[in-house]
2 protein chains.
Amino acid sequence: MVNPKPVDQLTEMEGLVLALLHRDGPLTAYEIKEVFRKSPSAFWSGSAGAVYPLVKRLEKRDILSSTDVSETRRPRREFTLTERGEQLMLAWLSDVERAVDPGYDPLRTRMQFAGMLEDQQREALFDAIADRIPSPASPAPGVGTEDLHRLWLEARRDWFSRFRAIFRR
Amino acid sequence: MVNPKPVDQLTEMEGLVLALLHRDGPLTAYEIKEVFRKSPSAFWSGSAGAVYPLVKRLEKRDILSSTDVSETRRPRREFTLTERGEQLMLAWLSDVERAVDPGYDPLRTRMQFAGMLEDQQREALFDAIADRIPSPASPAPGVGTEDLHRLWLEARRDWFSRFRAIFRR
DNA sequence: CTGACCATGTAACCAGTTACATGATTCA
DNA sequence: TGAATCATGTAACTGGTTACATGGTCAG
């Protein structure tokens with residue numbers, strides 16, 4: 001890493017878009033937006049207002065390039081990584097510092113405070129959550145490696161039930 | 001849930017502050033800020049610019065109340081939940097819809113694209129990450145239930161090593 | 001032809017960010 | 001007494017959000 005200028009910094013969303021384009025590209029802004037919208041996490045809403053400006057500013061920064069691929073009267077613009085974009089994508093993907101960050105998990109956050117609830121309330125909440133945590137048997141659609149997500153859901157479920165058991169001791 | 005008006009909506013950060021105040025309060029804005037700053041996740045920076053305005057607007061919405069507890073010339077203002085604040089905190093804590101959301105994990109996100117890397121690059125990245133994922137033996141400080149975090153780190157580590165094994169098959 | 005949905009995009013807003021300002025306290 | 005740190009707070013910015021506008025395409 002030779003003097004990575006702050007101007008090369010990418011937001012997590014930008015990095016993710018680059019990785020997406022590298023793996024599945026070229027894509028239109030709309031297609032990118034749909035990937036976000038269909039992802040199981042509400043962390044990103046998959047709003048047009050996020051994606052269209054994002055690709056626009058990345059193109060201006062010479063990270064993406066686009067070509068008009070309209071076949072009808074409707075405009076249609078596909079985006080690809082520039083060479084610089086490839087480099088930044090790799091840097092983002094290999095950013096160990098960021099990768100190891102625990103990030104944000106609304107369940108984990110709440111469980112810190114599970115002890116505040118009355119036994120009965122807590123059990124009711126735990127039941128409701130246990131019902132709703134998706135089971136590995138029905139993997140969430142379209143978020144990359146099947147295995148990754150299956151394993152992730154398994155781990156999260158296991159973790160939750162182990163944590164829950166603490167209150168039963 | 002009887003007609004929860006949108007004005008009662010809390011951001012995740014606001015909800016977390018309420019839960020914190022309920023469990024450990026009363027606290028000053030500075031003390032709240034420190035909790036965020038010391039948390040292992042970079043998800044929130046723990047900036048004054050987030051916390052001071054937050055408590056101010058929650059007080060204006062009759063969710064928090066504050067009292068001046070200065071003992072020296074330096075102003076010192078402690079915040080507590082109002083009755084309404086208690087209710088909203090419980091609603092936030094028991095929000096199953098939000099709780100079950102997978103949230104955001106920078107590692108999980110990146111691992112979706114691990115297949116793009118050359119074997120050698122990938123192994124190097126995996127090694128670097130494995131070195132840096134905190135071990136359950138050295139729990140992160142001050143983020144609530146010890147057990148919760150220990151279990152969480154264990155689960156994350158297990159998940160990562162199982163996922164990694166896929167590439168070795 | 002018309003209504004539903006597809007696709008592109010913009011506008012207004014907002015909850016965070018970084019950076020800075022200011023004064024209080026503490027300690028060498 | 002002066003430097004470092006504590007503590008409170010504000011200002012400017014920004015990357016997202018929701019909501020809206022507009023026109024194209026397609027099915028009945």
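Order of the sequence lines sets the chain letters (A, B, ...), proteins ahead of strands, with each chain counted from 1. Everything numeric here is computed off the predicted structure, so don't read it as measured data.
Nearest heavy-atom pair, B:Leu16 versus B:Phe36, reported as atom, atom and distance to 0.1 Å: CD2-CE2, 3.7 Å. The shortest heavy-atom contact between A:Pro106 and B:Pro102 is CD-C, 4.3 Å.
Atom CZ in A:Arg57 sits about 10 Å away from atom P in D:dT14, given to the nearest Å. Distance CD (B:Glu71) to P (C:dT25): 11 Å, rounded to an integer number of Å. Taking atom CD of A:Glu59 as the reference point, atom C1' of C:dG9 lies 15 Å away to the nearest angstrom. The CZ-C1' distance, from A:Arg76 to D:dT25, rounds to 13 Å in whole Å. Straight-line distance from the CZ atom of B:Arg37 to the C1' atom of D:dT5: 12 Å, rounded to whole Å. Remark: P of D:dT17 and CD of B:Glu12 are 14 Å apart, rounded to the nearest angstrom. B:Leu27 places its CG atom 11 Å from the P atom of D:dT8, with the value rounded to the nearest Å. Separating the NZ atom of A:Lys33 from the P atom of C:dC5 is a distance of 14 Å, rounded to the nearest angstrom.
Every residue was checked against the ring pair (Phe, Tyr, Trp, His ring centres under 6.0 Å) condition with A:Trp92, not counting sequence neighbours, and none meets it.
Formation of a donor-acceptor pair under 3.5 Å by the A:Arg156 side chain with backbone atoms of A:Trp152 is not found in this model. A side-chain donor-acceptor contact under 3.5 Å links B:Glu31 to the backbone of B:Thr28.
Contact between the side-chain N/O atoms of A:Tyr30 and the OP1/OP2 oxygens of C:dA7 is found at a separation under 4.0 Å. Taking side-chain N and O atoms only, B:Thr28 has a distance below 4.0 Å to OP1 or OP2 of D:dT8. The shortest distance between the side-chain N/O atoms of B:Lys56 and the OP1/OP2 oxygens of D:dT8 is not below 4.0 Å. OP1 and OP2 of C:dA15 both lie 4.0 Å or more from every side-chain N or O belonging to B:Thr11. Between B:Ser45 and C:dG16, a side-chain N or O to OP1/OP2 separation shorter than 4.0 Å is absent.
In terms of position on DNA chain D, the residue among B:Ala29 and A:Phe43 whose nearest nucleotide sits closer to the 5' end is B:Ala29. Residue B:Arg77 is the one, among B:Arg77 and A:Pro75, whose nearest nucleotide of DNA chain D lies closer to the 5' end (criterion: closest heavy atom). Toward the 5' end of DNA chain C, the nearer of the two residues B:Ser47 and B:Arg73, judged by each one's closest nucleotide, is B:Ser47.
For B:Arg74, counting side-chain heavy atoms from C-beta on, the closest listed nucleotide (D:dT17, C:dA24, C:dT8) is C:dA24. Each of C:dG16, C:dT10, D:dT10 was ranked by its minimum atom distance to the side chain of B:Ala48; first place goes to D:dT10. For A:Met13, counting side-chain heavy atoms from C-beta on, the closest listed nucleotide (C:dT8, C:dG16, D:dG16) is D:dG16. Taking only side-chain atoms of A:Thr72, from C-beta outward, the nucleotide of D:dT17, D:dT25, C:dA24 with the closest atom is D:dT25.
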